[in-house]
Amino acid sequence: MTEYDGERGTPAALAEAVAAAAARQLGTGPAPPDDHPAPAGARRLETDPDTVERDLMKLVLTIVELLRQLMERTALHRVDRGDLSEQQEERIGMTLMILHERMTELCDRYDLTMDDLNLDLGPLGSLLPHNGA
């Protein structure tokens, strides 16, 4: 992929926006020095083991959900083009359903919702489509 610095919607700009959104959502920005008060809205990194585990799981599940949605769109595109046999369509459909069920189970286990996995990318919008749209 080619990088075009300064242009909105390019791979470099999107990667930067995703990294910034992840840092905002997970509170992983650098901590200010103790002798200077933190600016409004800035948060320190939580080091409570339960919080760290949940936040790490949130990040992992966000990436897995993004990949699941991309695989689903690719599969639907291939079905529409007629590239797959009925057996392949059935197998892909079952695999995607099982993956979605596992995602739901893991979200329940870590007290997360699918909306919790959707990072706000600022001017680029949200990472994941709302309501699967």
Side-chain angles (χ1 to χ4, degrees):
M1 281 188 203
T2 306
E3 282 189 22
Y4 301 99
D5 290 333
E7 291 184 32
R8 212 170 120 193
T10 64
L14 182 58
E16 221 173 280
V18 169
R24 267 194 321 275
Q25 293 289 325
L26 299 174
T28 57
D34 288 333
D35 57 341
H36 293 90
R43 300 184 316 200
R44 286 181 167 250
L45 179 62
E46 295 289 334
T47 56
D48 177 41
D50 293 331
T51 304
V52 171
E53 181 180 5
R54 183 178 184 272
D55 288 346
L56 179 60
M57 187 53 69
K58 180 179 174 181
L59 179 60
V60 169
L61 289 176
T62 297
I63 294 167
V64 171
E65 178 60 15
L66 177 62
L67 292 174
R68 186 194 69 77
Q69 288 186 15
L70 290 172
M71 289 185 330
E72 186 175 316
R73 286 189 209 129
T74 301
L76 288 173
H77 182 68
R78 290 187 67 195
V79 167
D80 289 344
R81 284 193 345 215
D83 290 348
L84 303 173
S85 69
E86 283 186 38
Q87 199 173 40
Q88 289 172 320
E89 288 178 22
E90 185 70 26
R91 196 169 83 221
I92 289 172
M94 289 299 294
T95 300
L96 290 172
M97 282 177 33
I98 291 168
L99 182 55
H100 182 71
E101 288 174 11
R102 296 299 182 269
M103 285 291 298
T104 303
E105 290 170 11
L106 286 169
C107 282
D108 289 345
R109 179 177 177 185
Y110 288 93
D111 194 30
L112 295 167
T113 65
M114 293 307 272
D115 285 337
D116 291 332
L117 305 182
N118 200 357
L119 299 177
D120 178 14
L121 301 177
L124 296 175
S126 58
L127 179 65
L128 304 171
H130 292 287
N131 300 325

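As the structure is a computational prediction, the values presented were derived from the model and not from experiment. Just so you know, these numbers use all the heavy atoms, side chains as well, and skip hydrogens, waters and symmetry mates.
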Original post:
D116 side chain to T113 main-chain N or O, any donor-acceptor pair under 3.5 Å?
Top reply: yes
Original post:
Side chains of L117 and M103: closer than 4.5 Å at any heavy-atom pair?
Top reply: yes
Subject >> CE on M114 to OG1 on T62, rounded to 0.5 Å >> reply: 9.0 Å
Original post:
Would D83 and H77 satisfy side-chain contact (heavy atoms from CB on, under 4.5 Å), going step by step from the backbone distance to the final call?
Top reply: CA-CA 9 Å; D83 290 348; H77 182 68; over 6 Å; no
Subject >> hydrophobic_cluster_shared for Y110 and V60, side chain cutoff 4.5 Å >> reply: yes
Original post:
So how far is it from K58 NZ to C107 SG, rounded to the nearest 0.5 Å?
Top reply: 11.0 Å
**OP:** Please round to the nearest 0.5 Å and tell me the distance separating atom CD1 of I92 and atom OG1 of T95.
**Re:** 7.5 Å
Original post:
Is R73 close to L70 at the side-chain level, that is, under 4.5 Å between some pair of heavy atoms?
Top reply: yes
Subject >> Rounded distance [0.5 Å steps], CG in L61 versus CG in L56 >> reply: 9.5 Å
Original post:
More than 12 foreign heavy atoms under 6.0 Å from CD of Q87: is that the case here?
Top reply: no
Original post:
Hey, are R109 and E105 close enough for a salt bridge, meaning a charged N less than 4.0 Å from a carboxylate O?
Top reply: no
Original post:
Does any non-hydrogen side-chain atom of L99 lie less than 4.5 Å from one of M71?
Top reply: yes
Original post:
Among all residues two or more places apart in sequence or in another chain, which pass the side-chain contact (heavy atoms from CB on, under 4.5 Å) test with E89?
Top reply: V79, L84
Subject >> Pairwise distance CD(Q69) to CG(L96) - rounded to 0.5 angstrom >> reply: 11.0 Å
